[in-house]
Amino acid sequence: MKILELVRNNVKELKPYASARDEYQDGLNNKLFLDANENPFDNGVNRYPDPQQSQVKSELSKIKNLSTNNMLLGNGSDEILDLIFRAFCEPNKDRVITLPPTYGMYQVLANINAVEVVEVPLSNTFQPRIDKILEVTNAKILFLCSPNNPSGNCFAVSDVEKLLKNFQGIVVLDEAYIDFSEQKSWLNKLDEFPNLIITQTFSKAYGLAGIRLGIGYASTEIISVLNKIKPPYNVNSLTQQSVLDRLKNRKEVAFEIQQIKAERENLIIELQAISFISKIYHSDANFILVKVDDANFRYQQFIEKGIVIRNRTNQLGCKNCLRLTLGTKAENTRLINTLKAIQ
Ligand SMILES: *Cc1c(COP(=O)(O)O)cnc(C)c1O
């Protein structure tokens with residue numbers, strides 16, 4: 001498979017916007033910057049941000065053991081996903097595959113980009129149906145979300161591998177929740193699969209949802225295509241600084257993940273004692289999907305108690321299911337007490 005043949009013609013031929021400072025990011029070396037019409041008075045953010053986020057990528061490169069040329073940073077992974085649509089999918093012509101129930105943004109972004117979505121529902125154990133997926137012809141992108149939102153489970157490694165080997169297009173593997181999983185990330189397999197794009201985010205385990213920072217990892221070939229079409233200053237200076245600060249505190253991140261995982265085990269035990277919960281789905285993420293007697297009724301009861309959860313009853317295969325995000329110990333205790341009170 002030739003990756004470049006999957007890229008839209010206008011993107012292939014496109015010359016990216018060259019910001020005046022692209023070549024001069026080497027920091028405090030006495031250069032005088034009179035090129036970008038900025039206000040010269042220093043207040044910490046008077047200059048445009050580094051369009052290639054070199055410092056952030058260099059830190060990530062050490063942590064992930066990958067070259068900075070295999071990374072693209074975006075305004076949340078949502079921006080990365082949008083760039084992938086725009087690089088590979090011709091509006092009103094191309095199509096992509098999603099595996100519902102899954103993350104809603106794939107469909108929304110497809111609609112925005114006028115791209116058709118072929119849905120191949122997950123099995124009743126929320127695993128991909130390989131044969132059905134590979135039967136779909138002429139799909140440009142396959143979206144795999146593992147651990148999957150809203151079901152919470154990982155896809156079987158052998159199934160993902162089969163899809164990576166046999167799908168004739170780009171495979172986007174969304175690893176937003178990978179830090180909560182026992183399964184390993186596919187990052188160290190990037191070399192083996194030229195059609196693989198892995199997305200990760202700082203919004204979940206890293207506790208930085210407010211700064212909007214997502215990462216796409218892929219071959220240098222794919223990254224350079226996406227780089228051509230990304231807005232030059234898509235990741236602002238405050239975001240770059242916040243993530244650098246957070247990455248200095250990786251022990252704290254690890255400790256928080258460990259606490260959330262411990263809370264997951266606790267909550268599962270407590271949920272088993274609730275009479276109106278008939279099923280607790282396995283979770284590799286920081287949320288738990290449960291099946292209840294009447295999701296709309298229970299959801300309303302929670303709202304009345306001041307607790308907002310996610311009602312997933314209208315999602316394929318999720319009838320009467322509620323999704324509960326894990327909170328702090330105190331928050332989870334309040335959740336449990338409420339569950340007991342409304343039985
Ligand atoms: C929360 C979530 C994201 C995160 O998106 P950001 O734009 O990075 O905040 C991505 N994928 C899935 C499946 C999610 O649930």
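Both ligands and their constituent atoms are indexed starting at 1 by order of listing. In what follows, residues are counted from 1 in the order of the sequence shown.
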So, are R298 and D293 salt-bridged, with charged N and O less than 4.0 Å apart?
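The answer is yes: the pair qualifies as a salt bridge.
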With a 6.0 Å cut-off on ring centres, are [X] and [Y] close enough?
| X | Y | value |
| --- | --- | --- |
| F143 | F85 | yes |
| Y299 | F302 | no |
| F180 | F287 | no |

Considering only heavy atoms of [X], which atoms of ligand 1 have at least one such atom less than 4.0 Å away?
| X | result |
| --- | --- |
| S203 | 6 (P), 8 (O), 9 (O) |
| C145 | 13 (C) |
| Y103 | 2 (C), 3 (C), 5 (O), 10 (C), 11 (N), 12 (C), 13 (C), 14 (C), 15 (O) |
| K204 | 1 (C), 2 (C), 3 (C), 4 (C), 14 (C), 15 (O) |

How close does the nearest protein non-hydrogen atom get to [atom], and which residue and atom is it?
| atom | answer |
| --- | --- |
| atom 15 (O) of ligand 1 | Y177 OH, 2.6 Å |
| atom 12 (C) of ligand 1 | D174 OD2, 3.5 Å |
| atom 5 (O) of ligand 1 | S77 OG, 3.2 Å |
| atom 7 (O) of ligand 1 | R212 NH2, 2.6 Å |

How about N75 and Y233: does a side-chain donor come under 3.5 Å of a side-chain acceptor?
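Looking only at side-chain atoms, Y233 and N75 do not form any donor-acceptor pair under 3.5 Å.
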With V160, the side-chain contact (heavy atoms from CB on, under 4.5 Å) member among V157, L163, L164:
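Running side-chain contact (heavy atoms from CB on, under 4.5 Å) over V157, L163, L164 with V160 returns exactly one hit, L164.
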Of L213, V243, V253, which is the lone residue that meets side-chain contact (heavy atoms from CB on, under 4.5 Å) with Y206?
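The passing option is V253.
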Check this for me - ligand 1, N75, N or O atoms closer than 3.5 angstrom, yes or no?
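It does not: no N or O of N75 is found under 3.5 Å from an N or O of ligand 1.
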N or O pair under 3.5 Å between Y106 and ligand 1
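Such a contact does not occur with ligand 1.
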